[in-house]
Amino acid sequence: MNKSQNIFIVILLFCFVGFSQNINEGYSFMVKGSVKGKDNREPISGVIVTTSSGGYTVTNGLGEFKIEAIIGDEIRFESHEFISVSHKIKSNEDVDVLVEDYNSPSRKKTKNESRIWEPQTQQFLDSAIHYRTIDIEKSIDFVTKAISELGRNGDKTDLAKSYTILGDTYQYYKQYDLAIDSYKNALVASKSTKAELLLAESYISNKEYNNAIAVLRTTLQTKNISIEQKAQIYESLGDAYKGLGNSEKSLENYNLGLNYATSKSRLSKLTDLNSKIADVYVESNLMVEAEEYYDNSLELSEQEAPQRAVQEKEKVADFYNKQNEYDKEVNLRKKSLEDLERINENKSRISKVAKQSVSPDSISTQRIKYKIGNALLSQQKYDEAIPYLEESIEEAGEDDDLVVQKDATRRLSELYEYQGDFSKAYETYRKYVTMVDTLYIRKEQEIARASKLNRDIATKQNRISGLEKDRELYQSKYDLALTSEQLMKGQKWLIYSLIFGMLLLGLTTYFFYRSNKQQKLANNLLALKSLRSQMNPHFIFNALNSVNNYIAKSDERSANRYLSDFSTLMRAVLENSEEDFIPLTKEIELLELYTKLEHSRFPDKFDYTINTSQDVDVSSYQIPPMLLQPYIENAIWHGLRYKEEKGYLKIAITAHSKNEIKIAIIDNGVGRAKSIALKTDHQKKQKSKGMKNIKKRIDILNDMYKDKLAVQILDYNSDGTGTKVIFTLKKDK
């Protein structure tokens, strides 16, 4: 009896241990801890604490935190006060972090500084950090409140901290010019190596590489910088020289950074530097060396957070794709897919708040599956590619990822076309066209929202600038008042004050003018994107009807040929849709393809010619994409289509001067007056709106590029028949 009881107890113990392990390995729990300086044990507030499974929090005034996590998570601690540190969770024990080389920003005030660092100001900055990745407007509002709370006698170190947090916010939302100004203000208030590194990073992001190099070289001369900071400086120098196209100096600095990172065993830095060295070798066309360093980065990333490992796998897979090593690419992306699915399973056990903190542009399963399908399609493995593309489309639809859904649908349509299944290719392509229209509408909405956000940010930045100017002005007056006590003649200092005020007013006027000029340029770019030429939806649907007509007549060869030309044209239009200018040679190819498609629909209505004068160097000219197409469309649809006998369309490119050419679009159609008379009210309204948009687009481009384009519309014949459109295009100087 005793033996049976002992066996039963042992079984219960095994069950209990297994259940406990299952909880530890599969379920989330609350991790508590603190962040303090190693030397003085002073609590560090405002530290951002995140987990690899998506958790987020900020340390309070006592340096304490609570965060939800699971076994295997990596907790990361980030602050502008020290180099970021990480900790891997192996149990549910408390995590207490002691930061090396931490110098407390707090100090005693001098007798001339009556205010102290108020708890409310710290709360404002904590809130600004919290909202930084969630709501930029709230984050800026809280920083503004903190600066306002510091007031005119605010501590320089505290003010620098506020401006650094503001710069971090702008940097996160890619407002690099504003981030640069914020970090400069922080350095004016109080010098720090961290702020200098952040300023250099913003310069690099804004492609001001020489400015970044100057800041980093100065920082290297600073005394008492840590080994981690030296590794960061050399990495940033490598980034700057890479941006300048100097591969030799870029590799030199990356390797110096690698030496410092190795000496301190900074795993994340080792991964990044190996990956960046590989990038430089790729740009230098040294693929064997590049693959060796990519292998190193892959191996190192496996020891980091799962998201970092997936990120590196996808980067190396892109490298294999460019090398046409599709088998290696597919195998690596399949591993990424397995890792990402495990990460998503872990996230499903974390609270909803943690899920919402995931970046919207992070790597997704649908994106990976699309790339796998694309690689298999390149290998002509159609049957293997179909499931990946279909799953990518389905998952992208569930996540409202319209870009991936559009691209995967287009590739699936091409796959069906390669297989000869034109019915499925046609149906899939119709879905693709619908997605393109939806995406275009959504982009217009995003542009409108971005424009409003830019205006709001500009307003808030002006308010912050006003506070800073007010603080500087008050400080200047205060300094002048102290100095005037030592002088006998007060009138002299009154004059100095007036001169200083005038200079300050002049500087304020200059910065206001520069801000308005930058805002005007930004508004022009947004307007140009919204007005950029798109293919007429009537042409798209008429073209699809033509394909349908060919299929109904069992003329599969004509349908296939027409659909192939149409797909080529649409692909080229979408690829060029983000460019302000493209080579004139490309524009001529698009016009030839477009006119060919229209002629195949109306072969009895007109003939056409496209002639380029031999003395014109077409390759030396740039032109806005699809700028000429609406005029050719008008000539066919509103001039030649109404003509009873067969007409002609002529496109001629001739030299006008050394740096100018003329592009003439001539038709012998019914003419503008008769065309208007034959139209319905709805058609007149549509045309007017289209021509108005083209005129706006040309006006904006001429404003930005100094009168590069000119257009003139004339009657071709004296009796009012026919139309002649003349474009004058200048060469880039």
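These figures come from a predicted structure and were not determined experimentally.
Taking the six-membered ring wherever Trp is involved, the centroid distance between the rings of Tyr294 and Phe319 falls below 6.0 Å. Ring to ring, Tyr429 and Tyr432 are close: their centroids are under 6.0 angstrom apart. In this structure, the ring of Tyr631 has its center less than 6.0 angstrom from the ring center of Phe727.
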(request) Given side chain to side chain donor-acceptor pair (under 3.5 Å), test Gln379 with Asp327 step by step and report yes or no. (result) CA-CA 9 Å; Gln379 295 177 290; Asp327 288 332; 2.8 Å; yes

(request) Take Val725 and Gln712 through the side chain to side chain contact (heavy atoms under 4.5 Å, CB included) test and state the conclusion after the steps. (result) CA-CA 6 Å; Val725 182; Gln712 187 178 15; over 6 Å; no

(request) Show your working on salt bridge (charged side-chain N to carboxylate O under 4.0 Å, His left out) between Lys596 and Glu592 and close with a plain yes or no. (result) CA-CA 6 Å; Lys596 177 184 175 184; Glu592 288 177 344; over 6 Å; no

(request) Report the C-alpha distance between Glu598 and Tyr594 in whole Å, list the side-chain angles of each, state the deciding distance to 0.1 Å, and finish with yes or no for side chain to side chain donor-acceptor pair (under 3.5 Å). (result) CA-CA 6 Å; Glu598 291 287 27; Tyr594 170 76; 2.8 Å; yes

(message) One pair to check against salt bridge (charged side-chain N to carboxylate O under 4.0 Å, His left out): Lys371 and Asp407. What are the steps and the verdict?
(response) CA-CA 10 Å; Lys371 290 185 177 181; Asp407 292 340; over 6 Å; no

(request) Could you walk me through whether Thr728 and Glu660 pass the side chain to side chain donor-acceptor pair (under 3.5 Å) test, one step at a time? (result) CA-CA 7 Å; Thr728 303; Glu660 289 183 359; 5.7 Å; no

(request) Give the C-alpha distance, both sets of side-chain angles, the deciding distance and a yes or no for side chain to side chain contact (heavy atoms under 4.5 Å, CB included) between Asp181 and Asp177. (result) CA-CA 6 Å; Asp181 290 340; Asp177 54 337; 5.5 Å; no

(request) Quick one: do Leu415 and Ile386 satisfy side chain to side chain contact (heavy atoms under 4.5 Å, CB included)? Show the steps, please. (result) CA-CA 8 Å; Leu415 187 152; Ile386 288 174; 3.4 Å; yes

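Side-chain atoms of Gln419 and Asp421 form no donor-acceptor pair, as typed in the model, at a separation below 3.5 Å. Side-chain contact of Tyr209 with Asn211: a donor-acceptor pair under 3.5 Å is absent, judged by distance alone. In this structure, a donor-acceptor pair under 3.5 Å is present between the side chains of Ser336 and Glu314. There is no side-chain donor-acceptor pair under 3.5 Å between Ser247 and Glu283. Judged purely by distance below 3.5 Å, without hydrogens or angles, the side chains of Ser275 and Lys315 pair a donor atom with an acceptor atom. Judged purely by distance below 3.5 Å, without hydrogens or angles, the side chains of Thr721 and Asn717 pair a donor atom with an acceptor atom.
With Thr428 contributing its side chain and Ala425 its backbone, the two residues share no donor-acceptor pair below 3.5 Å. In terms of modelled atom types and a separation under 3.5 Å, the side chain of Ser392 and the main chain of Tyr388 share no donor-acceptor contact. In this structure, the side chain of Thr585 does not engage the main chain of Ser619 through any donor-acceptor pair within 3.5 Å. With hydrogens and angles disregarded, no donor-acceptor distance shorter than 3.5 Å links the side chain of Asn659 to the backbone of Lys730. Between the side chain of Ser600 and the main chain of Leu597, a donor-acceptor pair closer than 3.5 Å is present. A distance-only check finds a donor-acceptor pair linking the side chain of Thr438 to the backbone of Thr434 [under 3.5 Å]. Remark: the backbone N or O of Asn246 is not paired with any side-chain donor or acceptor of Ser250 at under 3.5 angstrom.
The aromatic rings of Tyr382 and Tyr418 are tilted relative to each other, their planes meeting at an angle between 30° and 60°.
Residues Asn668 and Gly647 come closest through the heavy atom pair OD1-CA, 3.4 Å. Between Ala240 and Ile213, the closest heavy-atom pair is CB-CG1, 3.6 Å. Summarising the geometry of Leu709 relative to Pro624, their closest heavy-atom pair is CD1-CG, 3.7 Å, with the distance given to 0.1 Å. Considering every non-hydrogen atom in both Ala375 and Val330, the closest pair reads CB-CG2, 3.7 Å. When all heavy atoms of Gly671 and Thr723 are compared, the closest pair comes out as CA-OG1, 4.2 Å. Across every non-hydrogen atom of Ser378 and Tyr326, the tightest pair is CB-CZ, 3.6 Å.
Side-chain atoms of Arg411 and Asn374, non-hydrogen and from C-beta on, do get closer than 4.5 Å to each other. Side-chain contact between Asn210 and Glu208 is absent, with no heavy atoms from C-beta onward closer than 4.5 Å. Looking at heavy atoms from C-beta onward, Ile653 lies in side-chain contact with Ile588 at the 4.5 angstrom threshold. Taking the side chain as every heavy atom from C-beta outward, Asp399 and Gln366 approach each other to under 4.5 Å. By the 4.5 Å heavy-atom criterion applied to side chains, Ile180 and Tyr203 are counted as neighbours. Contact check for Lys605 versus Lys646: no side-chain heavy atoms found under the 4.5 Å cut-off. No side-chain heavy atom of Ile726 sits less than 4.5 Å from a side-chain heavy atom of Ile663. Side-chain atoms of Ile636 and Asp667, non-hydrogen and from C-beta on, never get closer than 4.5 Å to each other.
Summarising the geometry, atom CG belonging to Asn206 is positioned 10.5 Å from atom CD belonging to Gln175; distances are rounded to the nearest 0.5 Å. With values rounded to the nearest 0.5 angstrom, Arg367 atom CZ is found 9.0 Å from Ile363 atom CD1. We find the NZ-NZ distance between Lys650 and Lys724 to be 8.5 Å, quoted to the nearest 0.5 Å. If you take CZ on Phe422 and OG on Ser413, they are separated by 11.0 Å, rounding to the nearest 0.5 Å. Remark: Glu414 CD to Ser567 OG distance equals 7.0 Å, nearest 0.5 Å. Between atom CD1 of residue Ile582 and atom CD of residue Glu589 there is a gap of 9.0 Å, rounded to the nearest 0.5 Å.
Residues that satisfy the salt bridge (Lys or Arg N to Asp or Glu O under 4.0 Å) test with Glu394, not counting sequence neighbours, are absent from this structure. Scanning for salt bridge (Lys or Arg N to Asp or Glu O under 4.0 Å) contacts around Glu645 gives Lys643, with sequence neighbours left out.
When each of Lys249, Lys276, Lys207 is tested with Asp239 by the rule salt bridge (charged side-chain N to carboxylate O under 4.0 Å, His left out), just one qualifies, namely Lys276. None of Lys431, Lys424, Glu417, Glu390 except one satisfies the side chain to side chain contact (heavy atoms under 4.5 Å, CB included) rule with Leu412; the exception is Glu390. Among Lys369, Lys406, Gln405, the single residue meeting the side chain to side chain contact (heavy atoms under 4.5 Å, CB included) criterion with Ile393 is Gln405.
Enclosure of atom NZ in Lys662 by more than 12 non-hydrogen atoms of other residues, nucleotides or ligands within 6.0 angstrom is indicated.
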